[in-house]
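Computed over heavy atoms, backbone and side chain alike; hydrogens, waters and symmetry mates excluded. The structure presented is a predicted model; accordingly, all values stated were derived computationally and were not measured.
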Amino acid sequence: MAVAGCILRSCSLTDVSRPERWLLDRAAGAADCEALADEFRGRIAAGNDPLGDAFLALRSPAVRRSSGAVYSPGPIVESMVAWLKREPAVARVVDPGAGSGRFALAAGRALTGARLVCVETDPLARLVLRANLIAAGLADRSTVVAGDYRLVRLDEQVGPSGPTAFIGNPPYVRHHLIDGRWKQWLAAEAGRLGLPVSGLAGLHVHFFLQTALLASSGDLGTFVTSAEWLDVNYGKLVRALLVRHLGVESLHLVDPSVLPFGDVATTAVITCFRVGRARRTVGFRKVATIGELGALERGLGVRRDRLQSASRWTPLLAPPKRPPAGYVELGELCRVHRGTVTGANATWITGRDDASLPATVLFPAVTRARELFDAGDRLKSLDGLRCVIDLPENLDDLDPSERRVVERFLRAARAGNVHEGYIARHRKCWWSVGLRPPAPIIATYMARRPPAFVRNPVGAHHINVAHGLYPRQPMSSTVLDRLATTLSASATTTGGRIYAGGLTKFEPGEMARLAVPSVELLAANEVAA
């Protein structure tokens, strides 16, 4: 960071924080780097971000994960700024998680009359940001806010009148790394707007909410985030904010098989919104590469009322296909249940030859998705499967010799604090896993390929690596065979939730919506090819 210090050294900075001042003093004491600083100034003026690249090299992905410091590649920045340029009257640009300033600098160059407000919590990133603004000639119309975006008040940032544009890549930090007081803030502020909220929401959800609180009618914005919120429960808040408050105009989903952020395995969707301008239809678009984003044209029109009623938005990217005549949803024929969660697989799963426990508490089970993929169309044997230790809730049901052995096992489990695990504490009896009965058909639900549907005539149990299909009415073995065969033959990733790298996940409700032949067609073996 000595180069950043060299760039800043010639400027009189009065608004730097104490951590920034310490870093700047260290950089000023480094070996002379003026020649290198001149080279960097030229590269920054040309639109590159060598200081940001150096920051990313200095901080490993693992270190940056806790603060969500994921920097956007040039094509994404260029596309989002191109969309902003459609509103030439923008008076102020707000970058809520500015990092090295990639969005702020690009927007500042494109919107020459706009004032820039850059918010950043990391002192080292702010040092880089300030150096970039100076080298790009944008410092005079920029304000760098050292603090949390959720505390920002834009009325404190004096600037020319006109619409405010919000642009950036809100930090992606998972909920378990977010302090409890900020979860309370999210619940309180969302509650004031009468909107649903989940404690599982990541930091990018907080930034959408704060933007809705700050924005006024006529303002606009575009954010790039992970695409998870389009479909998951915690995304209800983002979806409601976009429809009710932010005026979503278009969504641009990058194919999940692409890793647009390089060293970070995440999906990407760009959201464009105009506050106070509720369009009747919203543009939905999916692109195969970030190079196809262009200027973020609107794409397929989806009615706003469909957005309001849909629990997932990804399926709206393509018109639904009508199933063949006589087909129904799988959920009409079978209940789909995820397998039991043990809470501590290392404790509750063992080999079939484990002589330290009674055979009466060992239940052969599918404990790895690979066991289903390798099985083909059916499980032919219990051989090779591990066992789940499923103890009765009432240990008096065991005979005395069995109980002595089981109590020895439970003492060891207690010594390992297994009884204090989240799942164990929420069971009626912490020691009783509570396996479901064997399902006639067991299905994988998460992979980079379509689900596998495997007949289970041998009666294997399954844990939460798979879903079990339980018929709502009695079905013959022949009908069950044909149902599993049809599902396997027609299975695609369509209908599931697609994550980074093409990983597809089917929740039970999503699998239940798959189209299958009716029982009558299955019994008659009249199945459409």
Can you list, pair by pair, the side-chain donor-acceptor contacts under 3.5 Å of residues 271-280, counting residues two or more places apart and other chains?
| unit_1 | atom_1 | unit_2 | atom_2 | d |
| --- | --- | --- | --- | --- |
| Arg274 | NE | Glu249 | OE1 | 2.8 |
| Arg279 | NE | Glu249 | OE1 | 3.2 |
| Arg279 | NH2 | Glu249 | OE1 | 3.3 |

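Under the 3.5 Å distance criterion, the side-chain polar atoms of Asp179 are matched with a main-chain donor or acceptor of Arg181. Arg126 places no side-chain N or O within 3.5 Å of a backbone atom of Ser100 that could act as its donor or acceptor partner. Between the side chain of Thr112 and the backbone N or O of Gly108, no donor-acceptor pair lies under 3.5 Å. Between the Ser79 side chain and the Gly294 main chain, a donor and an acceptor come within less than 3.5 Å of each other.
Note that CH2 of Trp185 is 8.5 Å distant from CG of Asp148, once rounded to the nearest 0.5 Å. Summarising the geometry, atom CZ belonging to Arg174 is positioned 11.0 Å from atom CD1 belonging to Ile178; distances are rounded to the nearest 0.5 Å. The CG atom of Leu230 sits 4.5 Å away from atom OG1 of Thr314, with the distance rounded to the nearest 0.5 Å. Between Glu87 atom CD and Leu220 atom CG the span is 6.0 Å, to the nearest 0.5 Å. Here the CH2-CG distance, from Trp313 to Leu242, works out to 5.0 Å after rounding to the nearest 0.5 Å.
Contacts classified as salt bridge (charged side-chain N to carboxylate O under 4.0 Å, His left out) and involving residues 287-301 (residues at least two apart or in different chains) are given here: Arg86-Glu297. Listed by first then second residue, pairs satisfying side chain to side chain donor-acceptor pair (under 3.5 Å) with a partner in residues 506-516 read Arg312-Glu510, Arg338-Glu507, Arg497-Glu510, Lys505-Glu507, not counting sequence neighbours.
Inspection of the Tyr234 and Glu228 side chains reveals an N or O donor paired with an N or O acceptor under 3.5 Å. With 3.5 Å as the limit, one finds no donor-acceptor pair spanning the side chains of Tyr149 and Thr121.
With a 6.0 Å radius and a threshold of 12 heavy atoms from other residues, nucleotides or ligands, Asp140 has its CG atom at or below the threshold.
Contact of the Val94 side chain with the Leu154 side chain is registered, since non-hydrogen atoms from C-beta on lie closer than 4.5 Å. Contact check for Ile290 versus Leu293: side-chain heavy atoms found under the 4.5 Å cut-off.
In terms of heavy-atom proximity, Phe373 sits nearest to Ala447 at CZ-CB, 3.8 Å. For the pair Arg109 and Arg141, the tightest heavy-atom approach, listed with the atom from each and the gap, is N-NH2, 4.4 Å.
Geometrically, Arg239 does not engage Trp229 in a cation-pi contact defined by less than 6.0 Å to the ring centre and at most 45° from the axis.
Exactly one residue among Asp49, Asn169, Asp95 makes a side-chain hydrogen bond (donor to acceptor under 3.5 Å, both in side chains) with Arg102. That residue is Asp49.
Checked against salt bridge (charged side-chain N to carboxylate O under 4.0 Å, His left out), Lys236 has no partners two or more places apart in sequence or in another chain. The salt bridge (charged side-chain N to carboxylate O under 4.0 Å, His left out) test applied to Arg304 returns no partner, not counting sequence neighbours. Partners of Asp219 under the salt bridge (charged side-chain N to carboxylate O under 4.0 Å, His left out) rule, at least two apart in sequence or in another chain, do not exist in this structure.
The aromatic rings of His204 and Tyr172 are tilted relative to each other, their planes meeting at an angle between 30° and 60°.
No close placement of the Phe207 and Phe223 rings is indicated, their centers lying 6.0 Å or farther apart.
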